[in-house]
Amino acid sequence: MSPLSVNHSGRSPGNMEGKRNIQIIEWEHLDKKKFYVFGVAMTMMIRVSVYPFTLIRTRLQVQKGKSLYHGTFDAFVKILRADGVTGLYRGFLVNTFTLISGQCYVTTYELTRKFVADYSQSNTVKSLVAGGSASLVAQSITVPIDVVSQHLMMQRKGEKMGRFQVRGNLEGQGLIAFGQTKDIIRQILRADGLRGFYRGYVASLLTYIPNSAVWWPFYHFYAEQLSRLCPQECPHIVFQAISGPLAAATASVLTNPMDVIRTRVQVEGKSSIILTFRQLMAEEGPWGLMKGLSARIISATPSTIVIVVGYESLKKLSLRPELVDSRHW
């Protein structure tokens with residue numbers, strides 16, 4: 001789960017707040033009903049725009065060497081030619097259920113941050129603990145959904161990519177492939193039982209907890225540095241919109257090796273993180289750990305910018321009525 005789907009714009013370091021006079025909208029200031037409704041709508045729009053790159057990243061990470069695709073752009077073109085636009089959205093319907101985990105992430109992050117504030121006022125400490133805790137809760141919900149959607153992402157005409165192959169013709173299935181989803185679920189249950197839906201759970205925690213925890217300190221660091229470089233009259237939303245993608249790119253580089261291993265464990269049905277790592281190193285060397293990195297950064301960048309910019313509007317729209325006139329933008 002990406003840390004970019006939670007409230008960060010009002011959590012800037014003290015010196016940045018002093019310089020830019022950033023007005024903070026705290027968790028208790030929000031109308032929760034409006035916040036969740038508008039938040040889900042915004043998140044859904046972002047997922048539609050970046051899902052093709054998530055699918056491409058998954059396929060690049062699973063393929064052996066460059067047996068099918070030579071990179072992000074090559075994969076995009078080949079999938080489009082072979083399966084059309086719908087091919088870029090295989091598993092999308094199932095993946096939308098992760099919206100639930102997104103809302104759990106938001107709630108856990110805010111409540112944990114509020115709890116930690118009673119013991120430490122350090123922004124870094126609050127960010128690390130809250131980000132990691134939120135990711136732990138979110139991944140417990142997300143992993144079964146990811147397992148199914150990733151197997152659906154592997155469905156293609158021609159050579160088999162994943163462990164499971166859906167029966168029947170893949171042509172004309174459209175975005176809502178209920179039959180394919182049901183078929184994949186049955187095959188997972190037959191092969192691994194209920195435990196199969198949590199295959200790669202530990203690897204997911206080792207990927208996303210550090211990613212979530214690392215993103216926050218880097219976000220605040222970049223935002224603080226940019227605030228010093230930007231002219232005084234520059235709106236704070238500008239350097240926040242820039243620092244978000246920078247933090248996402250940094251976190252992606254640091255956690256991509258574990259993400260590659262996580263994807264292979266879930267899609268190929270491997271049971272050992274260490275053995276998967278050794279096999280990857282033996283087959284493709286250190287560069288194999290960076291597979292899908294460009295697609296990951298490409299998918300994260302637009303979503304980060306949109307969320308950073310859109311979140312200010314989301315919070316403003318979600319303010320409790322009696323507080324609307326007390327906030328000036």
Any side-chain donor paired with an acceptor under 3.5 Å for [X] and [Y]?
| X | Y | value |
| --- | --- | --- |
| Thr255 | Arg296 | yes |
| Thr107 | Tyr36 | yes |
| Thr72 | Ser294 | yes |
| Thr250 | Tyr222 | yes |
| Ser135 | Ser212 | no |
| Tyr201 | Ser140 | yes |

Yes or no on salt bridge (Lys or Arg N to Asp or Glu O under 4.0 Å) for Asp183 and Arg186, after CA distance, side-chain angles and deciding distance?
CA-CA 5 Å; Asp183 194 14; Arg186 282 178 174 173; over 6 Å; no
Looking at [Y], is its backbone amide N or carbonyl O close enough to the side chain of [X] to form a donor-acceptor pair, meaning the two atoms are under 3.5 Å apart?
| X | Y | value |
| --- | --- | --- |
| Asn256 | Lys291 | yes |
| Ser133 | Ala130 | no |
| Thr207 | Met258 | yes |
| Asn95 | Ile145 | no |
| Gln63 | Leu68 | yes |
| Tyr208 | Asp259 | no |

Can you list every salt bridge (Lys or Arg N to Asp or Glu O under 4.0 Å) pair that touches residues 237-247, not counting sequence neighbours?
none
Same cluster (ILVMFWY, side-chain, under 4.5 Å), Phe197 and Leu205
yes
Using a strict 4.0 Å threshold on nitrogen-to-oxygen distance, state whether Arg228 and Glu224 make a salt bridge.
yes
Ion pair Glu284/Arg264, N-O distance below 4.0 Å
yes
Where does the angle between the aromatic ring planes of Phe221 and Phe218 fall among parallel (under 30°), tilted (30 to 60°) and perpendicular (over 60°)?
perpendicular
Hey, can you tell me if Trp215 and Tyr219 have their rings parallel, tilted or perpendicular (30° and 60° cut-offs)?
parallel
Over 12 foreign heavy atoms within 6.0 Å of OH, Tyr198:
yes
Residues Gly39 and Gln103: closest non-hydrogen pair is C-NE2, 4.4 Å
